[in-house]
Every structure is written in structure tokens, then in C-alpha cells.
Amino acid sequence: MAEAIIKVKNELGSDAVILQTRRVRRGGFLGIGSKVYIEVTAMNDEHKNEPGSSQPHTVIANESSLQLKAELTDIKQTLKSVSEKLSSVHTLGKFPEPFEGIHMKLMELGLKFSEATSIVEKMSQNMTPLEAMDDEKISGALKMHFYGIVKTQRVAFTVPQKIVFVGPTGVGKTTTLAKIAAMLRIKEKLPLTILTLDTYRIAAAQQLKTYADIMHMPFKVVYTPQEAEEVSSNTKESLILVDTAGRSQKDEMKIGEISAYVRAIKPEVVFLTIDATKKRSDVEDVISRFASIAPTHIILTKIDETSSILGIMTSLGASKIPLSFVTNGQNVPEDIMYADELDISTLIVKEVLAK
Ligand SMILES: Nc1nc2c(ncn2[C@@H]2O[C@H](COP(=O)(O)OP(=O)(O)OP(=O)(O)O)[C@@H](O)[C@H]2O)c(=O)[nH]1
Ligand SMILES: [Mg+2]
């Protein structure tokens with residue numbers, strides 16, 4: 001049809017009026033081997049009243065070539081939209097150096113395009129071109145930005161107090177509990193009791209009992225929420241640290257089960273233990289699935305095993321649950337430290353500026 005209209009325009013001018021279009025078969029023998037054409041009947045509107053010009057004019061275009069043309073038009077259209085999209089991405093990511101490099105690095109370290117863009121936009125607006133060439137100034141601006149990316153808060157340990165450790169399987173709950181128990185025992189000299197709800201895996205209870213024995217602390221395994229409630233309400237003279245079994249965060253019902261124990265114990269502190277080696281999306285998933293247990297603080301484990309903490313810190317910051325401890329190794333009790341906003345921002349700036 002497009003080809004036919006071009007023919008009409010060429011032959012009758014752009015004011016031509018189309019009177020009729022139809023498909024016709026031509027050629028072949030008894031209909032075999034014939035081709036389909038489009039027949040357009042048109043006349044020139046401008047000269048329609050002139051003598052001799054009132055005859056409508058018919059043009060014919062081959063349908064297979066029309067189809068090819070239509071496909072070509074389609075391909076051109078697609079190419080145009082792809083190239084528009086590419087150029088918009090290019091323009092959006094266009095910052096003067098060194099900001100463009102920082103923008104790319106932030107995304108490499110796990111930030112989303114929009115998160116990286118907003119950081120770099122703020123930085124580039126607040127710096128003169130001369131300042132932007134000064135590495136110290138860039139590092140200072142980054143540090144300023146990442147300071148407070150996640151809120152940190154120390155727990156005020158006291159007696160009596162109940163503290164429960166929750167989190168997915170294998171993140172380091174038991175190890176971290178042992179590290180904190182040793183720290184409270186040795187440095188703060190607080191009387192402690194260790195409880196575990198880890199009833200269905202004897203090996204896991206044994207792991208904690210060994211730590212408790214070494215540190216000369218009372219150790220109990222509880223089997224029901226009622227028992228957990230009795231033990232915790234009758235233990236007024238010590239700080240109770242409660243370990244829970246690591247259950248898959250995908251398993252809603254078991255989170256409900258831990259939640260029943262937590263409601264029975266009524267702890268002042270619920271530590272959600274998060275593994276720093278996990279993907280950011282997995283961490284966000286853990287935070288949302290454990291939300292029903294209402295964690296009061298986060299402990300980030302295994303930062304010694306990850307190459308970047310930026311993405312995870314951004315997600316922890318968004319959760320609004322304060323970060324309390326960071327652990328950086330398997331050694332009990334030494335591989336644990338209080339989370340500190342300045343340390344975190346220094347570490348992130350190092351990651352961003354690393355070549
Ligand atoms: N590299 C490193 N390993 C750690 C850290 N914390 C714990 N681990 C190791 O992680 C593994 C699992 O630790 P656990 O304390 O048993 O973890 P959990 O959360 O109690 O596990 P479940 O009770 O099975 O859910 C052990 O091999 C620990 O030594 C850490 O900060 N860094
Ligand atoms: Mg454990």
C-alpha cells in the first residue's frame with residue numbers, strides 16, 4: 001500500500017484523492033503462479049473539474065515487495081528506538097571525570113544506577129572543577145557522603161537482660177554469641193546464662209555447650225516456648241543469651257516458630273545476624289522475612305570474606321535497624337568489633353577509590 005501511494009503521488013501529485021483500493025491477481029495460468037497486486041484508483045483533486053482530467057487513474061503495486069518494504073520499515077523503527085535508548089543511557093551516565101569513573105565504580109560495587117547517580121550528582125554539584133581534581137577533596141567528599149550510610153548503635157548490656165540471636169542458617173549466630181559472651185564475661189564481668197532453642201540438631205547444641213563449659217557459664221536447652229518463658233523469667237540474676245536454630249529464611253512457618261519463642265521470652269534485644277558474603281537482594285529478603293520477629297539490632301558477620309560492603313551497608317541503612325557489631329573471622333572471642341560509622345565510611349571510601 002505504501003508503494004502504491006508513492007506511485008499515486010508521483011503520477012498524480014500530492015493532492016491526489018484515492019477512490020478505491022483492492023487486491024488483484026495477475027499472471028499465471030488458470031490462477032496457478034499468479035501474483036497478488038494492490039490496485040489503487042485515484043484522481044487529482046486539483047484538476048478534477050478540468051476537461052479530460054476527470055478520468056480516475058489506476059496504479060498497481062506488487063504485494064510481496066510491499067511486504068518487504070513494510071518489514072524494512074519495521075526494522076528501521078526498531079533500530080531507531082534501540083539507538084534512542086542507547087543514547088539516553090549514555091547521556092544519563094555522562095558526568096565529567098573523575099565523577100564518571102566514580103559512578104561506574106559505585107555500580108560495580110553493587111549500587112543501583114539511580115543510587116550511584118544521586119551520589120555523584122550531589123558530589124559534582126558541591127565541588128568546583130579545581131576541587132574535583134584533588135584526590136584528597138574527592139576522598140573527603142565520599143567519606144562525608146558515606147558517613148552515616150547505616151545507623152550504628154551499641155547495646156547497653158546489663159543484668160537482668162534477655163538477648164536473642166536470630167538469622168538464617170550458617171550465618172554465624174552461635175559463633176557470634178560465643179564471642180559476645182566472652183567479651184561480656186571477660187571485659188564487663190557480667191554473670192551470664194546461655195540458652196539454646198536449637199533442639200533438633202544435637203551437634204549445634206553441643207557446639208554452644210562446649211563454649212559455655214569453657215567460659216564456666218550455665219547452659220540450658222529449652223524445648224518449648226513455655227519452658228523458654230519459665231527459664232527466662234526465673235533467671236533474674238544474669239544476662240541471658242539465647243541462641244536459635246538456623247532455619248531457612250524461605251521457611252515462613254519456622255520463622256513463625258522462632259517468633260513464638262521470642263514472644264515467650266520477651267527479650268530486650270533481638271540481634272538479626274546477617275552474612276556479609278551474601279548478595280544484596282538476599283540480605284534484603286532476610287530483613288523482610290525476619291521483620292515479624294522485630295529485630296532491634298543487626299550483626300554483620302564474615303566481613304573478612306567479602307570484597308565489598310557498600311551494597312550491603314546501603315541495604316542495612318534502608319532497613320533502619322541499627323547495626324551493632326561486625327565480625328571479621330572465625331576466632332572466638334577476638335574477631336568481633338563494635339560497628340562504627342567512621343570505620344564503615346573509611347572502608348567504603350577505600351573500596352570506591354581502589355584501582
Ligand atoms: N570468615 C568468617 N567465618 C565466620 C564468621 N563468623 C562465623 N563464621 C563461621 O561460619 C560458620 C557457621 O557459624 P555458626 O556460628 O555455626 O553459624 P550459625 O548461624 O550458628 O549456624 P546454624 O546454627 O547452623 O544456623 C562457622 O564455620 C564459623 O566459624 C566470621 O566473622 N568470619
Ligand atoms: Mg548455630
Side-chain angles (χ1 to χ4, degrees), residues 150 152 162-185 192-215 217 219-223 228 240-259 261-262 265 267 269-279 282-283 285-287 289-290 293 295 297-309 311-313 316 321 323-340 343-344 347:
V150 61
T152 62
K162 289 155 289 183
I163 299 177
V164 179
F165 291 71
V166 299
T169 311
V171 289
K173 294 179 297 297
T174 306
T175 312
T176 309
L177 185 151
K179 288 173 183 175
I180 292 177
M183 183 187 90
L184 295 179
R185 184 64 157 178
L192 305 174
T193 296
I194 295 178
L195 276 197
T196 185
L197 315 180
D198 203 343
T199 54
Y200 65 99
R201 279 187 316 172
I202 301 301
Q206 192 55 48
Q207 175 195 6
L208 194 52
K209 185 172 185 326
T210 308
Y211 285 127
D213 286 348
I214 296 170
M215 295 184 277
M217 292 169 194
F219 172 80
K220 283 185 187 122
V221 181
V222 286
Y223 298 92
I240 309 175
L241 297 171
V242 187
D243 194 15
T244 59
R247 295 165 189 194
S248 164
Q249 71 273 21
K250 298 268 180 224
D251 200 334
E252 298 281 0
M253 202 201 86
K254 286 175 179 165
I255 286 187
E257 210 179 317
I258 296 175
S259 173
Y261 277 100
V262 171
I265 296 168
V269 177
V270 177
F271 280 130
L272 174 59
T273 316
I274 284 181
D275 182 342
T277 64
K278 292 283 181 286
K279 282 206 312 274
D282 291 342
V283 166
D285 192 40
V286 168
I287 293 171
R289 284 173 190 278
F290 277 87
I293 297 179
H297 297 79
I298 288 175
I299 296 178
L300 188 64
T301 60
K302 309 192 189 182
I303 66 155
D304 54 305
E305 284 188 9
T306 180
S307 54
S308 169
I309 58 163
I312 282 191
M313 287 300 178
L316 298 191
I321 307 170
L323 179 63
S324 203
F325 287 102
V326 172
T327 77
N328 61 341
Q330 292 182 302
N331 301 313
V332 178
E334 52 269 50
D335 294 337
I336 186 163
M337 54 203 158
Y338 285 109
D340 179 88
D343 291 348
I344 291 167
L347 195 57

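Numbers here simply count residues along the sequence, with the first being 1. None of these values were measured; they are calculated from a predicted model. Whatever order the structure lists them in is the order used to number ligands and atoms, beginning at 1.
Atoms of ligand 1 found under 4.0 Å from any heavy atom of Thr169, numbered from 1 in the order shown, are 24 (O), 25 (O). Taking every non-hydrogen atom of Thr327 and a distance limit under 4.0 Å, the qualifying atoms of ligand 1 come out as 30 (C), 31 (O). Every atom of ligand 1 is numbered from 1 in the order shown, and the set under 4.0 Å from a heavy atom of Glu305 is 1 (N), 2 (C).
For a threshold of 3.5 Å applied to N or O pairs, the pair formed by Ile303 and ligand 1 contains no separation below that value.
Remark: distances from the non-hydrogen atoms of Asp335 to ligand 1 are all 4.0 Å or more. Distances shorter than 4.0 angstrom occur between a heavy atom of Gly170 and an atom of ligand 1.
Counting heavy atoms under 4.0 Å from ligand 1, residue Asn328 touches it through the backbone alone. Both the backbone and the side chain of Thr175 come within 4.0 Å of ligand 1, counting heavy atoms alone.
Partners of Lys162 according to the salt bridge (Lys or Arg N to Asp or Glu O under 4.0 Å) rule, which considers only residues two or more places apart in sequence or in another chain, do not exist here.
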Return a table of donor-acceptor pairs under 3.5 angstrom between the side chains of residues 299-306 and protein atoms on other chains or two or more places apart.
from   : atom 1 : to     : atom 2 : distance (Å)
Thr301 : OG1    : Val171 : O      : 2.7
Thr301 : OG1    : Ile274 : O      : 3.1
Lys302 : NZ     : Gly170 : O      : 2.9
Asp304 : OD1    : Gly329 : N      : 3.3
Thr306 : OG1    : Ser308 : N      : 3.3
Thr306 : OG1    : Ser308 : O      : 3.1

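If you check each of Leu177, Asp304, Thr306 against atom 32 (N) of ligand 1, the one with the closest non-hydrogen atom is Asp304. Distances from atom 10 (O) of ligand 1 to the heavy atoms of Gln330, Lys179, Lys302 put Lys302 nearest.
Distance alone, capped at 3.5 Å, is enough to place a donor-acceptor pair between the Thr210 side chain and the Gln206 backbone.
In this structure, Leu272 and Gly167 approach most closely via the heavy-atom pair CD1-CA, 4.0 Å. Summarising the geometry of Asp275 relative to Val283, their closest heavy-atom pair is O-CG2, 4.2 Å, with the distance given to 0.1 Å.
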For Thr152 and Asp340, what are the C-alpha separation, side-chain angles and deciding distance, and is it a side chain to side chain contact (heavy atoms under 4.5 Å, CB included)? CA-CA 6 Å; Thr152 62; Asp340 179 88; 5.9 Å; no
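Among the atoms of Thr174, an N, O or S atom falls under 2.8 Å from the Mg ion (ligand 2).
The only option from Tyr261, Phe271, Phe325 that meets the ring pair (Phe, Tyr, Trp, His ring centres under 6.0 Å) definition with Phe165 turns out to be Phe271.
A 4.5 Å side-chain heavy-atom check between Asp335 and Lys179 finds at least one atom pair inside the cut-off.
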